[in-house]
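All chains are named by letter (A, B, ...) in the order of the sequence lines, taking the proteins before the strands, and each is independently numbered beginning at 1.
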Number of protein chains: 2
Amino acid sequence: MDQRQRVAGWQPEPAVVEGEGRTPRKRRAILAAATEAFLQHGYLGASMDEVAAKAGVSKQTVYKQFENKERLFAEIVLGTSDQLLDGLTKAYAETLDEAGDAREALRALAHYFLDSLTNPSVLQLRRLVIAEADRFPDVCGAWFTSGFERSLEALGQALTTLTERGLLRELADPSLAAYQFAGLVMYKPMNRAMFAGTEARPPADEFEKLADQATEVFLAAYGLGSPAR
Amino acid sequence: MDQRQRVAGWQPEPAVVEGEGRTPRKRRAILAAATEAFLQHGYLGASMDEVAAKAGVSKQTVYKQFENKERLFAEIVLGTSDQLLDGLTKAYAETLDEAGDAREALRALAHYFLDSLTNPSVLQLRRLVIAEADRFPDVCGAWFTSGFERSLEALGQALTTLTERGLLRELADPSLAAYQFAGLVMYKPMNRAMFAGTEARPPADEFEKLADQATEVFLAAYGLGSPAR
DNA sequence: AAATCATACTAGACAGTCCAGTTCTCTTCT
DNA sequence: AGAAGAGAACTGGACTGTCTAGTATGATTT
């Protein structure tokens, strides 16, 4: 029902944990409400009154848990980077283990990218971080290095395992190859998604073509033997 | 002196035009000031008082020229898309005409991308449009289709001319190939630039590697004959 | 007894309006 | 050509209404 639960290992709404004390339960509710508010309206557009109301909590409780608006923002942004990284890393391992050859593996990876990274919540999070990059360079920079960059490093390692299994050429710079693959797959749909608003989602049959074509280009450069085309 | 004058055919500060009447001169000053304010602080963060002060103009004059804050924003964003498109289209033509072979042409293109799109003003404009994509879907969507997408279409046509000159394989989908090349070159540096704040600029020697490697991958897929590596 | 609640409050910001006095620009007259 | 005057544009500043981050308080729940 909620699409966000299925992808990218990231869920803005915290799961209900039984037997949890009142205080941590409220804290989670505040984080969930604030996440929704920030994603929807941006940092300046979201108000603390709105957060408290959405969390079903008094404003005083919000300020007991979080020093101020900035800290609340930082906590949310930094909290998501680990979750994103974990989800992607796991997906790499699974996708690649199941694959019999490089083409199959890369196609599966491409589809995973396209599905998870065009998810509305993920897009809104990207927008939020990008929008506030100049206002909170430390927080957003940390999100980038510990979330985004590391997930690409993980993809580089995943590609290296393909090389070790004799499915791909030796990669002089696995991290760069990872960025290249991600760029081949995502540059077009990600830009549209970023610029054209959360509502505008691309047709599903475009994903097939993007995944296939990106895979072929990548294999032409890094695959074994002559290109299969 | 001002880096913005050199790249991407876009200049946020309007040139001084002699013999111009008072009203249009003030209007340009307002646009320039508002551009700076919006790029620096975002839509909500920029205040109309600040715009008026920066333009050296009374607030009343601002509201005489522009109905309200939203219209001012729209005017600025839409005004930039044409300028960006023009700059890139011209650069494609020049770069490709001068090139003797495909490798040379693609490298030059890659360097042009890297130089112009990592320019601070261009980055801030991208951030602004992305940040407000949900608040102003019409304006930002129009910026995307009439600026971003069309410049990629233009790149696709430029690549087609390389094919016609016998320097590149036939392209089944020139537009997609253009996105792929742009993705190969820009995905890594653009993401860092977007997320890590305007201050963090990458080292210049990374550009060389990005341009070279992107070119080689692209040629492996779309070049003539066997890969040159 | 500690946490939380509802509510009210402070202090400041901001979009947009209004007004009385000034400067510019253009037309008309000499 | 140049002076004069009309009307529009512009200015500075005050003002309204609304919103917001953050604090304070006294009652209620756990």
Side-chain angles (χ1 to χ4, degrees), chain A residues 14 16-77 128 131-132 134-136 139, chain B residues 14 16-77 128 131-132 134-136 139:
Chain A
V16 174
V17 178
E18 313 202 17
E20 203 182 16
R22 184 174 55 161
T23 302
R25 195 172 62 241
K26 301 245 173 208
R27 187 188 169 88
R28 295 168 77 94
I30 294 166
L31 278 172
T35 302
E36 199 183 315
F38 282 137
L39 289 188
Q40 214 158 58
H41 310 302
Y43 177 76
L44 288 179
S47 86
M48 297 297 267
D49 285 296
E50 180 195 358
V51 169
K54 259 190 180 136
V57 140
S58 85
K59 229 167 118 180
Q60 199 56 234
T61 307
V62 175
Y63 279 98
K64 179 142 273 171
Q65 292 295 328
F66 302 94
E67 193 184 330
N68 54 34
K69 197 179 181 183
E70 292 190 17
R71 304 278 301 182
L72 179 55
F73 177 81
E75 204 115 348
I76 285 171
V77 169
L128 181 65
E132 306 305 333
D134 274 343
R135 196 188 312 272
F136 303 109
V139 172
Chain B
V16 174
V17 179
E18 311 202 19
E20 203 182 18
R22 184 173 56 162
T23 302
R25 195 172 63 242
K26 302 247 172 204
R27 187 188 170 88
R28 296 167 77 95
I30 294 167
L31 279 172
T35 302
E36 200 183 314
F38 282 136
L39 290 187
Q40 213 158 57
H41 309 302
Y43 178 75
L44 288 179
S47 85
M48 297 297 269
D49 285 296
E50 181 197 355
V51 169
K54 259 191 179 134
V57 140
S58 85
K59 228 165 115 179
Q60 198 58 231
T61 306
V62 174
Y63 281 97
K64 179 143 272 171
Q65 292 296 327
F66 303 94
E67 193 185 329
N68 53 34
K69 198 180 180 183
E70 293 190 17
R71 304 278 301 184
L72 179 54
F73 177 82
E75 205 115 346
I76 285 171
V77 169
L128 181 65
E132 306 305 335
D134 274 344
R135 196 188 312 273
F136 303 109
V139 172

Would you please confirm or rule out a distance under 4.0 Å between OP1 or OP2 of C/dC5 and any side-chain N or O of A/Thr61?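 Yes, A/Thr61 has a side-chain N/O under 4.0 Å of OP1/OP2 on C/dC5.
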
Rounding to a whole Å, what distance do you find between [X]:[atom1] and [N]:[atom2]?
X: B/Lys26; N: D/dA8; atom1: NZ; atom2: C1'; value: 14 Å
X: A/Lys64; N: D/dT29; atom1: NZ; atom2: C1'; value: 14 Å
X: B/Lys59; N: D/dA9; atom1: NZ; atom2: C1'; value: 19 Å
X: B/Phe38; N: C/dC14; atom1: CZ; atom2: P; value: 13 Å

Decide yes or no for A/His41 and A/Glu50: does some side-chain heavy atom of the first lie under 4.5 Å from some side-chain heavy atom of the second?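 The answer is yes; the side chains approach within 4.5 Å.
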
Can you find a pair of side-chain heavy atoms, one from B/Arg135 and one from B/Leu44, that are under 4.5 Å apart? yes

Just how far is it from atom CZ of B/Arg28 to atom CD of B/Gln65, taken to the nearest 0.5 Å?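 That separation rounds to 12.0 Å.
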
Contacts to DNA chain D from residues 44-54 of chain A, heavy-atom cutoff under 4.0 Å, which residues? A/Ala46, A/Ser47, A/Met48

Ordered by number, residues from residues 65-72 of chain B within less than 4.0 Å of DNA chain D (heavy atoms) are none

Backbone N or O of A/Ala52 within a donor-acceptor pair of the A/Asp49 side chain at under 3.5 Å? no

So, under a plain 3.5 Å distance rule, would you say the side chain of A/Gln60 forms a donor-acceptor pair with the base of C/dA6?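 Side chain to base: no pair present.
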
Heavy-atom nearest pair, B/Ile76 first then B/Thr35, reads CD1-N, 3.5 Å

Where is the tightest heavy-atom contact between B/Ala33 and B/Lys54, given as atom of each residue plus distance?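 Minimum heavy-atom separation between B/Ala33 and B/Lys54: CB-CB, 3.6 Å.
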
What orientation do B/Phe38 and B/Tyr43 show, parallel under 30°, tilted 30 to 60°, or perpendicular over 60°? parallel

Could you walk me through whether A/Leu31 and A/Leu72 satisfy the side-chain contact (heavy atoms from CB on, under 4.5 Å) test, starting with their C-alpha distance in whole Å, then the side-chain angles of each, then the deciding distance to 0.1 Å, before giving a yes or no? CA-CA 8 Å; A/Leu31 278 172; A/Leu72 179 55; 4.1 Å; yes

